[in-house]
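Structure record follows, encoded as structure tokens.
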Amino acid sequence: MRKIILIFISVILNSGLLYGGQTEIKGLVRDGLSHKPLQGVNIVIKEGNKGSATDDKGYFTLHLSPAAYTLVVSHIGYRTRYIRVDLQGESQQLQIDLQPAVIERQQAITVYGAQNDPLDKNRDKWLNSTDDMMRRFEGVTLMRRANFALEPSIRGLSYGQISTTIDGMKIFHACVDRMDPATSYVEVENLDRLEVSKGAYDLSQSSVGGSLNFVTRDPQSLPGWSSESETGFESASALRRLRGELSWRGRHQALRVSMSLKKADSYYAGDHTLIARSGYSKQNAAVKYMISLNDRSRLTLNYIGDFARDIGYPALLMDATRTIAHIGSIKYEWNPALRWFPKFNTRIYYNQIRHWMDDYGRDVRQREVMADMYMPMYGVATTYGAIVAATFLPGRDSFLKLTLDYYRLNSFADMKMLSIFPDISPAYIVNIADARLDNLALIADYNTGLGPRWRLRGNLRLDYARRDIYDEFGKNALRAFWQSPASAVRGLLPSGSLSLEWRANERHVLNWSLAAAQRMPSHMENYSFFIYNLLDGYFYTGNPGLKPESSLQTDLGWKYRGRSLAADFALFFNHLNNYIAGRWQSAEFKIYENFSGADLYGLEWNGAYSRGAYTLAGSLSHIRGYNRALGEPLPYIPPLAVSLSLSYTGKQWWLQFRWLHNAAQKEVAYKSTREDTTPAFSRLDLRGRYRLNGQWELKAGVENLLDSYYHEHLSINNLPSPGRNIYLGINYGWPRNP
Amino acid sequence: MYMKFIISLFAAAILLAGCDNTADSNDALDPIADLTMINEAYISGTLIKVYADKQAEVGYNRYYVTLSDSLSGKSIDRARVVFKPMMDMGTMKHAAPVENPQGMQSEEGLFRGAVTYIMAGMWSMSVEFDDENGRVGSCNFMADVAATQNVKKVTGSDSLSYFITLVEPMTPRVGMNDFSICVNYKQNMMSFPEVTDVEVEIEPTMPSMGHGSPNNENPQHSGGAHYKGKVNFTMSGDWQVAVTLKRNGNILAQTAFDITL
């Protein structure tokens, strides 16, 4: 909301009379948020066909005969401004701030790093990984399977119930055990911001629980070159990391290249407990190239390659030996800069994730399940899609965005079972029998002001889904588990949401949201075969007869922005219908079924108090989940979490002391799965940054200062969290921004 | 103009459909297309031919018999056909469970029956017939029966010997398979009557993995010595299907078939 206010209300224009001269207008055009000069901005005189454009320092000059004019200042990605100037024979100098026109996500969304908000998660300066970023959002919890690529959960919902995207692009896991969440492909140096939407109020993605969108970085906005590199070490896993980026912007083109190398050994949990076989190595590279085709349109090519090897999964039966991800997209933006004509943003994309894992490094004789067997597995997920968005700006404080979003997922996974005894025949199964999913969605997002205090936002979404499996071998195996032999699935799913915001005064904003949303089952829930669940010891089978999971949810939010105190508070309730979970089929097998109802409710609080260089910040989140059909708590519900931190921000120094506490989770699922209770834990973190000079910066910190041995409730198989972790980093930037 | 076009479309459709039908009926016309002739004999003015669908092996072997007038070549559709397998082991002889063609009427010119060879070796087979016109005869041949594990001889809790024969699946595949067995008992060396009154339970497992599969259907009596059900093989590899025969809820006999796919 505050973003809208920024954009629609306060644009500061300083126009001053400087020095003599007949008919010259000079001006500087800046980005309204970052205050950086903008190059290539079009300035046109409405009353004639004269015009100009800003140079690489953001300046423009026009020579006009004395009269009154309207300057039309337009630039791609920004709201066009109309400025009246009265030239009475004296030259004028203007400073024009343009506000970004891309108002794609508001209200239910916390936008990372986009604005100068006291509760902006970007204000802390200690990011070592993308996981660190996700952890900052209260209500977002991470599921741990290894010391690598944690999977997010939003307000107790995860996987198919929430959506994880990179720049709005769908990316699916190739590993049937979900060792490769999409969160692992955007490394921190390539992450511009993380858009977290809690609840299904922003329907730009299909979900019943919310979404995470990783927005990758653009090349620098100023012309010229810049680079940044960092190397670091973390003691708990002897992690060595190196990353670097290079950015360039010319007159019409811009390029950004970044890469990251990481290598970690097995990590130590608290009390100096070695978690064997938990190391990994990972390489990531990202390239983004932009070219302005003309003043009104721009093309962006983006590629991310992610390559990981020898990833230990101590919580699971096997380790990933190799994963390869290629993620590419082409974006075309067209802004006709006409008030009545929409701005277009079109993207086509392709990504392929391949994943190999095996248990050759494990002692399979000692295993309870599938003893004396090696089980190499392979999985591939290929997704391609197209997104066409048209944004209409019918009034000064309203916009309508229509989006057509199509994707196709092809997924295949299989497993061999090779006995250590030569007289036993090898066995083979297909875990995902060449599933092909088509999804077409039409989304309308309307946002408008209702008088000075009220705002309304409505989202409508219609999904058409079509899917089937095409591998005959796997299909036959699956059919033996199903009531009906049909494997094809079709669905037409309408969803809608409404948010109402009331700005009581400059400090208090109240927000109430309501949504009725639906989601298709995941391809795993429809078609997976023989997936072993370590938690309850059952083999899970997909079911194409599943109904969509639907949700009716409401959210009440209160924001306070005082001079030195800021706080956000939210209460939410989410009722799920046709909740999808495994139902007992026989002694060893479970099949996904719909359960009549589940409820989730909870609250979140987040606040900060600043005084001088010191900031005291805290957060709290609490959630309860209940499976009404089974009369038991829902699984994977994070316990009450509290954090408190004290930070000091000086000219050269930044220091933070943080205390984190999770209460015990005793509300566990024992019928739908076999969860166990989790004891409470606390941990202390100390972090610091020191700026040596214009180029060099040092980062250091100690996480889990007291070396507590603990595991989080969402840790699979109670895999403990890392123990005391001392990290050090050296960062070199050129030229470093102030 | 349009009408003509539509009519020609219809005509084309009918022609195409007609072609398909002809192709189908050609295939269905020849019931012995996939069979191999084992032996033939001219006797009592009759030509008798015996066919099989595979090499003889321990287990359930289907035989198909055609009878025709040796002069006119006209098919004889009403006759009684009896299979008499015999194993001569020198010191003793014994027969095997048989399924003689039912009734007097052939099906599509074929008299269908089966023999369950209960051991490997050289069996002598006699296929005897007598038709409505008093023509009587037989066709004799030797069957070289290959060894398999498809017949299990089990001593029941009633001290009788039971022969449990795996009939299906012979070409098992991953997924749901028809599962059928024949159950006979030994009355004497020459008589192996069918068992029609037992309950059959099956349980497939992969002994190397320690797991089984869901959704199996216990075989139900389906006439003669036959019991038909379903078995679910979730993956390729070595399977074992345990078979339990029960009578009035009490275990009569137990065995297991090893099936690899």
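Throughout, protein chains are lettered first and strands after them, A, B, ... in sequence-line order, and every chain is numbered starting at 1. Worth saying up front: this structure is predicted, and the values here are computed from it rather than measured.
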Exercise. Who among Pro207(B), Gly210(B), Gly212(B) has the most heavy-atom pairs with chain A under 4.5 Å?
Worked result: Gly212(B)

Exercise. Counting only heavy atoms not in Arg178(A), do more than 12 fall under 6.0 Å of its CZ?
Worked result: yes

For this session: Verify side chain to side chain contact (heavy atoms under 4.5 Å, CB included) between Phe481(A) and Thr234(B), making sure each step is shown before the conclusion.
Result: CA-CA 9 Å; Phe481(A) 282 72; Thr234(B) 55; 3.5 Å; yes

For this session: Please find out if less than 6.0 Å separates the ring center of His211(B) from that of Phe530(A).
Result: yes

Problem set entry | Partner set under salt bridge (charged side-chain N to carboxylate O under 4.0 Å, His left out) for Asp359(A), not counting sequence neighbours | Arg367(A)

Exercise. Can you tell which of Pro426(A), Ser419(A), Ala371(A) has the highest number of heavy-atom pairs within less than 4.5 Å of chain B?
Worked result: Pro426(A)

Problem set entry | Any Met209(B) side-chain heavy atom under 4.5 Å of Met373(A) side chain | yes

Seminar exercise, completed: One option among Asn177(B), Asn232(B), Asn216(B), Leu261(B) has the most heavy-atom pairs under 4.5 Å with chain A, and it is Asn232(B)

Problem set entry | Tyr428(A) portion near chain B, given a 4.5 angstrom heavy-atom threshold | both

Exercise. What heavy-atom pair brings Pro214(B) and Ser586(A) nearest, and what distance separates the two atoms?
Worked result: CB-OG, 3.2 Å

Seminar exercise, completed: Between Met235(B) and Ala427(A) the two heavy atoms that sit nearest each other are SD-CB, 3.9 Å

Exercise. Of all the residues in residues 465-472 of chain A, which have a heavy atom that comes within less than 4.5 Å of a heavy atom in chain B?
Worked result: none

For this session: Supply the atom-to-atom distance Phe589(A) CZ to Ser213(B) OG, rounded to the nearest 0.5 angstrom.
Result: 6.5 Å

Exercise. Considering residues, nucleotides and ligands other than Glu368(A), do more than 12 of their heavy atoms fall under 6.0 Å from its CD?
Worked result: no

Exercise. Between Phe421(A) and chain B, which part of the residue has a heavy atom less than 4.5 Å away: side chain, backbone, both or neither?
Worked result: neither

Problem set entry | Atom group of Thr260(B) that falls short of 4.5 Å from chain A, counting heavy atoms | side chain

Problem set entry | Within 6.0 Å of NZ in Lys54(B), more than 12 heavy atoms from elsewhere | yes

Exercise. Any chance CG of Asp423(A) has more than 12 other-residue heavy atoms, nucleotides or ligands included, within less than 6.0 Å?
Worked result: yes

Exercise. Do Asp238(B) side-chain atoms and Ile424(A) backbone N/O form a donor-acceptor pair below 3.5 Å?
Worked result: no

For this session: Taking the side chain as every heavy atom from C-beta outward, state whether Arg173(B) and Asn476(A) have any pair of such atoms under 4.5 Å apart.
Result: yes

Exercise. Can you tell me if NZ on Lys416(A) sees more than 12 non-hydrogen neighbours from other groups inside 6.0 Å?
Worked result: no

Exercise. From Met417(A) CE over to Ser208(B) OG, what is the distance, rounded to the nearest 0.5 angstrom?
Worked result: 9.0 Å

Exercise. When you look at NZ of Lys228(B), are more than 12 heavy atoms from neighbouring residues, nucleotides or ligands closer to it than 6.0 Å?
Worked result: no

